[in-house]
**Q** 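Can you read through this structure? Questions will come right after.
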Amino acid sequence: MDNKEAHWSDFLTPKYWPLWISIGILRLLCALPYHWGLWVGKQLGRILYRLMNGRRHVTTVNIQLCFPELTPDEQRQRVKEVFENNGIGLIETGFSYWKNENFFRSRTEFRNFDLLDRQLEKGNGVILMGWHFSCLDLAGLLFSLHGKPCSTLYRQHDNPMLEWFFTNGRKRFSHPVERQKTRQMLRAMRNNHCIWYAPDQDLGRKGTAFVPFFGHPAATTLATTKMHQLNGSPLVKLDCWRKEDNSGYILEITSIDNFPSGSEEEDATLINRVIEEGIRKAPEQYMWVHKRFKTAPPGEKNIYKATKPD
């Protein structure tokens, strides 16, 4: 399947049946009324909190490290909220693939999109920098309501069926581009597309710099600067979060001043700072379940192995 586009018929063997069942259940849950779906997602998150000891440990370490101002009880509560929001995010992923987009039009608040419009008027494309919030895929559908063409960079999934499922789901509202396919990325920029890109994950030591993230050194990719150098496309930030009362969503565009700075490391520091500002708008909706500090600076220990999960 490497040389041709995958088709659902490629995944009919028994080893894929559990995934088909899971997708079927998700499809049924997404047929529920919106608020019922959010409630089911929240309960699912609570179940995952109890079952996923390893991810609970990772999340706990991240919250303790990044929010030392919280009391231990507040930190534990935030960890629970992170799992609840990730459970809701799973339902929202289904919404983004199957729910009628018109349902969300009146429930989406677009802020500062005039900044994006002005950048696109230059005809050079835009690097639309995001971060891994729990309503990630739904944000793609919501962004498409604004009517701007968007290509999304992503890492190819190890499981070929999940790669097929997520890629085809995202085609509803964007053009998915595997992050190694530089020519496709450059072509999209030259066609004046927005290129959605999230540089907030730990990709190892290669092509990264250790710069602060919530006050702690984190291996941060330098690829954002290199993307800009490909075509001179400007960089803006897209934040998306669910409103606290669950009445809808906010998408907010922010300009990023002083980018590029002339230094890849200074650019990475700036990027982490503006991502942190976005996360703090709804910190419980960020995917703290991933190992943001997985790669330790030279001479330091892996913080996730320093203590055992409970």
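Remember, it's a predicted structure, so these values are computed and weren't measured experimentally.
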**Q** Identify the heavy atoms of A219 and T208 that sit nearest to each other, and give their distance.
**A** CB-OG1, 4.1 Å
**Q** Any side-chain donor-acceptor pair under 3.5 Å between N168 and Y97?
**A** no
**Q** If you count the non-hydrogen atoms of other residues, nucleotides and ligands that lie under 6.0 Å from NZ in K99, is the total more than 12?
**A**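 Yes.
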**Q** If every non-hydrogen atom of C240 is compared with every non-hydrogen atom of C135, which pair is closest and at what distance?
**A** SG-SG, 3.8 Å
**Q** Same hydrophobic cluster for Y154 and W164, using side-chain heavy-atom links shorter than 4.5 Å among ILVMFWY?
**A** no
**Q** W196 vs H132 aromatic rings, parallel, tilted or perpendicular, using cut-offs 30° and 60°?
**A** perpendicular
**Q** Take atom NZ of K226 as the centre, draw a 6.0 Å sphere, and report whether it contains more than 12 heavy atoms from other residues, nucleotides or ligands.
**A**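 Counting neighbours around NZ of K226, more than 12 heavy atoms of other residues, nucleotides or ligands fall under 6.0 Å, so yes.
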**Q** Do the side-chain N and O atoms of R292 and T220 include a donor-acceptor pair separated by under 3.5 angstrom?
**A**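 Side-chain D/A pair, R292 to T220: present.
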**Q** Let me see the working for F113 and F143 under side chain to side chain contact (heavy atoms under 4.5 Å, CB included), right down to the final yes or no.
**A** CA-CA 10 Å; F113 268 64; F143 181 82; 3.7 Å; yes
**Q** Return yes if some donor-acceptor pair links the side-chain N/O of R172 with the main-chain N/O of S96 below 3.5 Å, else return no.
**A**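 Pair found, side chain donor or acceptor close to backbone of S96.
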**Q** Closest approach of G278 and K237, non-hydrogen atoms and distance?
**A** N-NZ, 3.5 Å
**Q** Checking side-chain contact (heavy atoms from CB on, under 4.5 Å) against E92, which of D137, N85, L138 comes through?
**A** L138
**Q** Under the criterion side chain to side chain contact (heavy atoms under 4.5 Å, CB included), I'd like the reasoning laid out for H228 against D267: C-alpha separation, chi angles, the key distance, then a yes or no.
**A** CA-CA 11 Å; H228 169 78; D267 289 347; over 6 Å; no
**Q** Do R56 and Y49 form a cation-pi contact, if we require the NZ or CZ to be under 6.0 Å from the six-membered ring centre and within 45 degrees of the ring's axis?
**A** yes
**Q** Could you please spell out the steps behind the side chain to side chain contact (heavy atoms under 4.5 Å, CB included) verdict for H290 and N62?
**A** CA-CA 9 Å; H290 74 251; N62 286 336; 5.8 Å; no
**Q** Are any of the side-chain nitrogens in R105 or E101 under 4.0 Å away from the carboxylate oxygens of its partner?
**A**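 Looking at E101 together with R105, the answer is yes, because their closest N to O distance falls below 4.0 Å.
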**Q** Hey, what's the ring geometry for F293 with H216, parallel, tilted or perpendicular (30° and 60° as the breaks)?
**A**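 The rings of F293 and H216 stand perpendicular, inter-plane angle above 60°.
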**Q** State which residue, out of F83, W131, F214, fulfils the ring pair (Phe, Tyr, Trp, His ring centres under 6.0 Å) condition with W288.
**A** F214
**Q** Can you give me the closest heavy-atom contact between V177 and M185, atom names plus distance?
**A**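 Taking V177 first and M185 second, the nearest heavy atoms are CG1-N, 4.2 Å.
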**Q** For V236 and T254, run side chain to side chain contact (heavy atoms under 4.5 Å, CB included): C-alpha distance rounded to whole Å, both residues' side-chain angles, the deciding distance at 0.1 Å, then the answer.
**A** CA-CA 6 Å; V236 300; T254 307; over 6 Å; no
**Q** Apply salt bridge (charged side-chain N to carboxylate O under 4.0 Å, His left out) to residues E276 and R280 and explain how you reach the verdict.
**A** CA-CA 6 Å; E276 180 179 336; R280 288 188 182 276; 3.1 Å; yes
**Q** Distance alone, cut at 3.5 Å: any donor-acceptor contact between the side chains of S247 and D245?
**A** yes
**Q** Can you pull the side chain to side chain donor-acceptor pair (under 3.5 Å) pairs that have at least one residue in residues 29-38, sequence neighbours excluded?
**A** Y34-Y249
**Q** Do any N or O atoms from the side chain of S151 and from the backbone of I195 form a donor-acceptor pair under 3.5 angstrom?
**A** no
**Q** Compare all side-chain heavy atoms of M227 with those of M189 and state whether any distance is below 4.5 angstrom.
**A**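 Counting from C-beta outward, M227 and M189 do come under 4.5 Å.
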**Q** Taking all heavy atoms of L270 and all of D257, pick out the closest pair and write down the distance.
**A**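 Nearest pair, atom of L270 first, then D257: CD2-O, 3.4 Å.
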**Q** Please verify the inter-ring angle class for Y16 with F11; under 30° counts as parallel, over 60° as perpendicular, anything in between as tilted.
**A** perpendicular
**Q** Whether the side chain of W17 engages the backbone of L12 through a donor-acceptor N/O pair (distance < 3.5 Å, no angle test) should be reported.
**A** yes
**Q** Check whether I275 and V211 end up in the same hydrophobic cluster, where Ile, Leu, Val, Met, Phe, Trp and Tyr are linked by side-chain heavy atoms less than 4.5 Å apart.
**A** no
**Q** Are F210 and L222 connected in the hydrophobic side-chain network, where two residues link if heavy atoms are under 4.5 Å apart?
**A** no
**Q** State plainly whether one hydrophobic cluster holds both V274 and I250, where clusters connect Ile, Leu, Val, Met, Phe, Trp and Tyr through side-chain heavy atoms under 4.5 angstrom apart.
**A** no
**Q** Does one hydrophobic cluster hold both L203 and Y197, with members joined at side-chain heavy-atom distances below 4.5 Å?
**A** no
**Q** Which heavy-atom pair separates M129 from P199 by the least distance, and what is that distance?
**A** CG-CD, 3.5 Å
**Q** Keeping N86 on the side-chain end and G45 on the backbone end, is there a donor-acceptor pair under 3.5 Å?
**A** no
